[in-house]
Amino acid sequence: MTRSRVSLLSALALLLPLTPLALGGQASAVAQDPAGTQAPAVMPTAPAPLTVTNPGFEQGRTGWQFTSGTGVAANYPHGAARLAYLDGGAGKKVSQTVRATGRGTYDISAWIATGGPNGRWTARVNGAVAAALTLPSASNYRRYTLSRIALAPGDTLEIAFESGDAWVNADDVMLSPASPADPRVSSSDPKIVEMFDWSKRKANSWVHLPGTKGPLNVDENRTGGSGKGTYAASYWAGYANRSGYYSRDMAHQLAGAGVLALHAENRSMLRSFAASATSRHKYYPAWAFNFDTSTYLSIDYKGPTNFVREVPATFELVEKSEEAYRWSGDRAYLDDPTLWDFYSRATDEFVTLHDALKDNGAVEVAEGTGQGIFQGTASYNEQSGEPLAEAGDAIGSQYRAYLAVASLARAKGEAALADRYGAKARELKEYFNSTWSGTGSGADMVRGYTTDGRALTGWGKENSWFMPMKQIIEPGPRREAYLDYVDQQASGPGRPTNIEALTYLPDTFFRNNRNDTGWKWMKDVYDHKDVQHVNTKQGTNGDYPEVSFTLLGQTVEGLLGVTPDAPARTLSTGSRLPSGMDWLRIDDLRIGDSAFALRHDGASKSTLTHTSGSAPYTWEARFPGTHATLTVDGVPQPGRTKVVDGVTYTYATPTVDPGRTVTVRTG
């Protein structure tokens with residue numbers, strides 16, 4: 001029998017479907033949120049074609065086969081009340097066999113704790129091992145995934161926990177569809193290969209697709225939830241012991257989801273937030289949703305005037321909608337009236353409505369109340385205790401939202417609207433640099449204002465590093481000094497204790513061309529993945545979803561410097577390889593309906609292959625500095641230069657047809 005352990009606290013048992021949702025019009029039915037108010041309507045979903053019975057062992061032995069020396073217990077569950085156990089020693093197994101009714105490729109995950117090494121987590125297809133992991137000794141639950149298991153109609157899939165040298169506990173089995181993209185990296189540096197491979201498997205294991213029945217409103221206080229719902233296209237973005245996704249987390253995970261081509265999930269989740277930003281909510285989106293994408297997560301929502309809301313999230317959701325449009329090319333980001341109404345109100349009525357405490361002259365700056373997260377805070381830094389009216393992360397995010405609306409309006413053909421929002425962005429940035437941020441540098445730069453008008457300097461965590469990350473600080477010595485200050489604080493006395501805060505630092509430094517520092521922070525986050533999270537209910541740092549998703553995005557948008565633009569059939573690249581990384585390549589990089597392979601050799605040579613697609617792409621291959629010539633496939637041509645955020649680049653713009661490889665180099 002399993003030994004009694006101190007409880008790691010609860011998460012939840014979830015069952016996932018395996019077919020994607022084809023997004024289109026919305027159903028007219030409206031769900032009810034826990035407070036009795038209406039939540040956004042969602043599409044009806046078909047049942048999942050492949051399911052695991054009793055994935056969390058809450059119905060005892062139902063659906064599973066048990067050998068001697070195994071069973072169901074309640075002494076040390078991961079989620080809800082029960083778990084499966086295997087005693088130590090050879091020959092013990094807990095298994096379930098299901099039959100595939102369709103064709104697909106899937107991931108299977110489970111939370112497992114062990115008293116010793118050499119247990120096995122195995123998937124067999126038609127009796128043959130398709131994937132298996134030998135388990136280490138780890139008495140705290142960790143999440144293990146068997147990846148990309150291919151099934152054809154009629155195949156049998158056996159999911160099995162097998163005994164090792166000591167007890168094995170297993171809980172919360174979860175099926176995920178393998179991501180549409182299967183990106184792979186290779187490099188002169190084995191660290192980035194290991195990191196990317198781990199991140200890809202881990203991130204995909206959090207994906208939900210429509211049709212499964214799963215619990216709603218699971219949290220640390222209600223481990224069994226409040227009932228069941230039908231899950232829609234979504235992925236986990238927040239604590240692993242809650243049955244939902246959060247606006248802040250989702251916004252930061254979106255780029256990594258784009259790398260995996262999880263476009264249906266990004267759109268479904270963004271739309272749920274957009275639809276919730278109603279006048280009753282004073283145009284704040286809900287903070288968190290259950291995976292049905294229609295029910296507000298009850299731990300964070302008590303009613304239309306009593307729910308968690310933070311100013312930066314409203315603006316980040318606008319910014320990330322534009323980014324999702326560039327990754328996917330999906331015109332719904334332009335044509336869906338719910339999304340378009342959200343962009344408009346978030347950058348107009350929302351700002352006006354929440355600008356009453358501090359006089360900013362002709363410029364409007366959205367404010368929080370200074371009264372806590374259930375009344376609306378100005379900053380993502382929930383731990384500071386400062387009564388902030390305006391914060392660096394909010395104003396920086398507001399700036400990026402204005403730029404996003406300008407870009408979306410231009411794509412929609414609304415030139416006057418694009419010009420208006422471009423002007424709003426320039427005015428806000430000029431005001432920030434001339435007035436709002438004060439005249440100090442480094443520790444003396446203003447990063448917020450209290451409700452009684454006091455300017456705050458010093459270290460504010462999110463409301464510090466978001467300012468350079470959102471590039472609202474003008475390029476030059478002042479921004480460079482502030483980046484030095486951020487790195488010094490985060491590396492020393494100001495280091496956040498929660499891993500999800502640290503996941504922003506690579507973005508902050510890569511976007512400001514601090515390549516070595518960005519890579520330093522990627523490694524720091526990855527090297528702490530097996531450390532227990534400060535919230536013990538969450539598990540290890542690596543089982544916080546934001547970690548894996550952000551490392552994927554930072555590899556592609558950070559190290560490889562990729563900016564996708566699927567609607568325009570263009571992409572730009574610029575190597576940000578750090579010292580000691582001689583070359584880096586990615587295969588199966590999906591942008592819209594095309595796939596690419598990209599390789600950077602240092603900062604002087606880049607190669608792009610358009611491996612599949614329906615039409616040519618224009619490639620803007622950038623190289624830092626001024627170069628008299630660039631060589632495109634061996635043919636010299638005069639170098640053209642442009643300045644982007646204070647940095648001069650020399651660039652070429654070859655057309656890359658499907659099936660073609662192009663190499664551009666300096667000199």
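Keep in mind that this is a model prediction, so the values were computed, not measured.
With R124 as the fixed residue, the side-chain contact (heavy atoms from CB on, under 4.5 Å) test singles out one of T156, L157, I159, V129: V129. Of the candidates E316, E322, E323, E323 is the only one forming a salt bridge (Lys or Arg N to Asp or Glu O under 4.0 Å) with K320. Test W236, Y235, Y544, Y239 against D249 for side-chain contact (heavy atoms from CB on, under 4.5 Å) and you get one pass: Y544.
At a threshold of 4.0 Å, the pair D516-R576 does not count as salt-bridged, since none of the basic side-chain nitrogens sits closer than that to a carboxylate oxygen. A salt bridge links E620 with R622; the closest basic N to acidic carboxylate O contact falls under 4.0 Å. Ion pairing between R142 and D543 fails under the 4.0 Å rule for side-chain N and carboxylate O. Here D182 pairs with R148 in a salt bridge; the nearest charged N to carboxylate O distance falls below 4.0 Å. In this structure, D527 does not pair ionically with K523, as no charged nitrogen and carboxylate oxygen lie closer than 4.0 Å. No salt bridge links R665 with D601; every basic N to acidic carboxylate O contact stays at or beyond 4.0 Å. Salt-bridge annotation for D107 and R201: absent, with no side-chain N of the basic residue lying under 4.0 Å from a carboxylate O of the acidic one.
For the pair H610 (side chain) and V656 (backbone), a donor-acceptor distance under 3.5 Å is present. The backbone N or O of L560 sits less than 3.5 Å from a side-chain atom of H600, completing a donor-acceptor pair. Between the S407 side chain and the V405 main chain, no donor and acceptor come within less than 3.5 Å of each other. For the pair D633 (side chain) and T663 (backbone), a donor-acceptor distance under 3.5 Å is present. Judged purely by atom type and a 3.5 angstrom limit, T145 has no side-chain atom pairing as donor or acceptor with the backbone of S147.
In this structure, H208 and Y231 have perpendicular ring planes: the angle between them is above 60°, well past the 30° mark.
S187 and R585 share no donor-acceptor pair across their side chains, judged by distance under 3.5 Å alone. A donor and an acceptor atom, one from each side chain of Y421 and T347, are located under 3.5 Å apart. Under 3.5 Å, the side chains of S272 and Y245 contain a donor-acceptor pair of N or O atoms.
One distance of note links CZ of F289 with CE of M269; it measures 10.5 Å at 0.5 Å rounding.
Residues passing the side chain to side chain donor-acceptor pair (under 3.5 Å) test with E500 are N498, H533, sequence neighbours excluded. Applying the side-chain contact (heavy atoms from CB on, under 4.5 Å) criterion to A595, with sequence neighbours excluded, gives D588, R590, T611, S612.
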